[in-house]
Amino acid sequence: MRARLFAAILMLPLLSGLASAKEKLELNITAEKEVTVTEGSKKVVKRVPADRFAPGEVIIYTLNYKNVGDAKATGVTLDNPLPAGTRYVAESATGVNSQISFTVDGKAYAKAAELSIERTVAGKKEKTRATPADYTGIRWVIAEVKPGQAGQVAFRAQVQ
């Protein structure tokens with residue numbers, strides 16, 4: 001199955017909290033998957049671009065950022081919707097010095113333990129705790145990115 005890499009381009013994170021034109025964040029998104037290859041007599045796991053994938057495979061999305069401006073950026077928010085046809089892999093979101101939250105509706109973000117979703121159970125609608133399968137997006141909030149500082153945030157999604 002041919003990857004829909006255009007989705008990665010459309011997923012460009014939204015930036016907020018930038019106070020002046022002197023802060024400037026560059027962003028780069030990569031989509032990779034892990035493959036096992038044989039090198040000599042050893043099997044080694046390597047990451048390769050996810051330009052093709054099949055149902056069940058796990059794609060690793062990495063958002064690399066760098067402040068190429070000459071002033072610190074504060075309150076940086078990176079929002080990344082889950083690509084269509086994928087499901088978030090539980091506890092896979094990472095980001096040093098960031099606060100991670102999730103959304104089930106693309107609007108309100110909260111910590112995983114605080115998210116709920118309305119489900120129909122035995123013919124009745126009731127609110128229940130959201131599961132990772134319900135997440136539609138991830139948000140990272142980074143308090144400060146100094147000039148020249150770079151970092152990355154990442155998550156895994158399984159192709160359905």
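Values reported hereafter were calculated over all heavy atoms of this structure, with side chains retained and with hydrogens, waters and symmetry mates removed.
Counting only residues at least two apart or in different chains, salt bridge (Lys or Arg N to Asp or Glu O under 4.0 Å) contacts with residues 92-113 are absent. Residue pairs meeting the ring pair (Phe, Tyr, Trp, His ring centres under 6.0 Å) criterion with at least one member in residues 27-52, sequence neighbours excluded, do not occur. The stretch residues 131-142 participates, sequence neighbours left out, in these salt bridge (Lys or Arg N to Asp or Glu O under 4.0 Å) pairs: Asp79-Arg139, Arg119-Asp134.
There is a path of hydrophobic side-chain contacts, each under 4.5 Å, that joins Val48 to Val37. The cluster map of Ile, Leu, Val, Met, Phe, Trp and Tyr, joined by side-chain heavy atoms under 4.5 Å apart, puts Val141 and Val153 in different clusters. Hydrophobic clustering, with ILVMFWY side chains joined whenever heavy atoms are under 4.5 angstrom apart, keeps Tyr109 apart from Ile138.
For the pair Gln160/Pro55, no side-chain contact is recorded, criterion being any heavy-atom separation below 4.5 Å from C-beta on. With contacts defined as side-chain heavy-atom distances shorter than 4.5 Å, the pair Leu25/Val76 qualifies. Leu27 is not listed as a side-chain neighbour of Leu63, based on a closest heavy-atom distance of 4.5 Å or more.
Proximity of a side-chain donor or acceptor of Thr74 to a complementary backbone N or O of Ala143 within less than 3.5 Å is not detected. Under a 3.5 Å cut-off, the side chain of Gln158 and the backbone N or O of Gly56 do form a donor-acceptor pair.
Applying the side-chain contact (heavy atoms from CB on, under 4.5 Å) rule to Ala133 yields the partners Arg87, Thr131; only residues at least two apart in sequence or on another chain are considered. Take Glu118 and apply the side-chain contact (heavy atoms from CB on, under 4.5 Å) test, not counting sequence neighbours, and it matches Lys125. Under the side chain to side chain donor-acceptor pair (under 3.5 Å) criterion, Asn64 pairs with Gln152, not counting sequence neighbours. Judged as a side chain to side chain donor-acceptor pair (under 3.5 Å), and not counting sequence neighbours, Glu26 has no contacts. With sequence neighbours excluded, the residues that form a ring pair (Phe, Tyr, Trp, His ring centres under 6.0 Å) with Tyr88 are Phe102, Tyr135. For Lys33, the side chain to side chain donor-acceptor pair (under 3.5 Å) partners are Glu57, not counting sequence neighbours. Lys43 meets the side-chain contact (heavy atoms from CB on, under 4.5 Å) test with Thr36, Thr38; sequence neighbours excluded. For Gln149, the side chain to side chain donor-acceptor pair (under 3.5 Å) criterion is met by no residue, not counting sequence neighbours.
Residues Thr103 and Ala108 come closest through the heavy atom pair OG1-O, 2.8 Å. Smallest separation of non-hydrogen atoms from Ala54 and Val159: O-CB, 3.6 Å. When every heavy atom of Leu82 is checked against every heavy atom of Ala157, the shortest pair comes out as CD2-CB, 4.4 Å. Heavy-atom minimum distance, Leu115 versus Ala110: CD2-CB, 4.0 Å. Gly106 and Thr136 get closest at one heavy-atom pair: N-OG1, 3.5 Å.
For the atom pair CD1 (Ile60) and OG1 (Thr30), the distance works out to 9.0 Å, reported to the nearest 0.5 Å. Atom CD1 of Ile59 sits about 5.5 Å away from atom CZ of Phe53, to the nearest 0.5 Å. Remark: Phe155 CZ to Thr86 OG1 distance equals 6.5 Å, nearest 0.5 Å.
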Could you go through residues 89-101 and list every donor-acceptor pair under 3.5 Å that involves a side-chain atom there, pairing it with any protein atom two or more places apart or in another chain?
{"residue": "Ser92", "atom": "OG", "partner": "Val89", "partner atom": "O", "Å": "2.7"}
{"residue": "Ser92", "atom": "OG", "partner": "Arg156", "partner atom": "N", "Å": "3.0"}
{"residue": "Ser92", "atom": "OG", "partner": "Arg156", "partner atom": "O", "Å": "3.3"}
{"residue": "Ser98", "atom": "OG", "partner": "Gly95", "partner atom": "O", "Å": "2.7"}

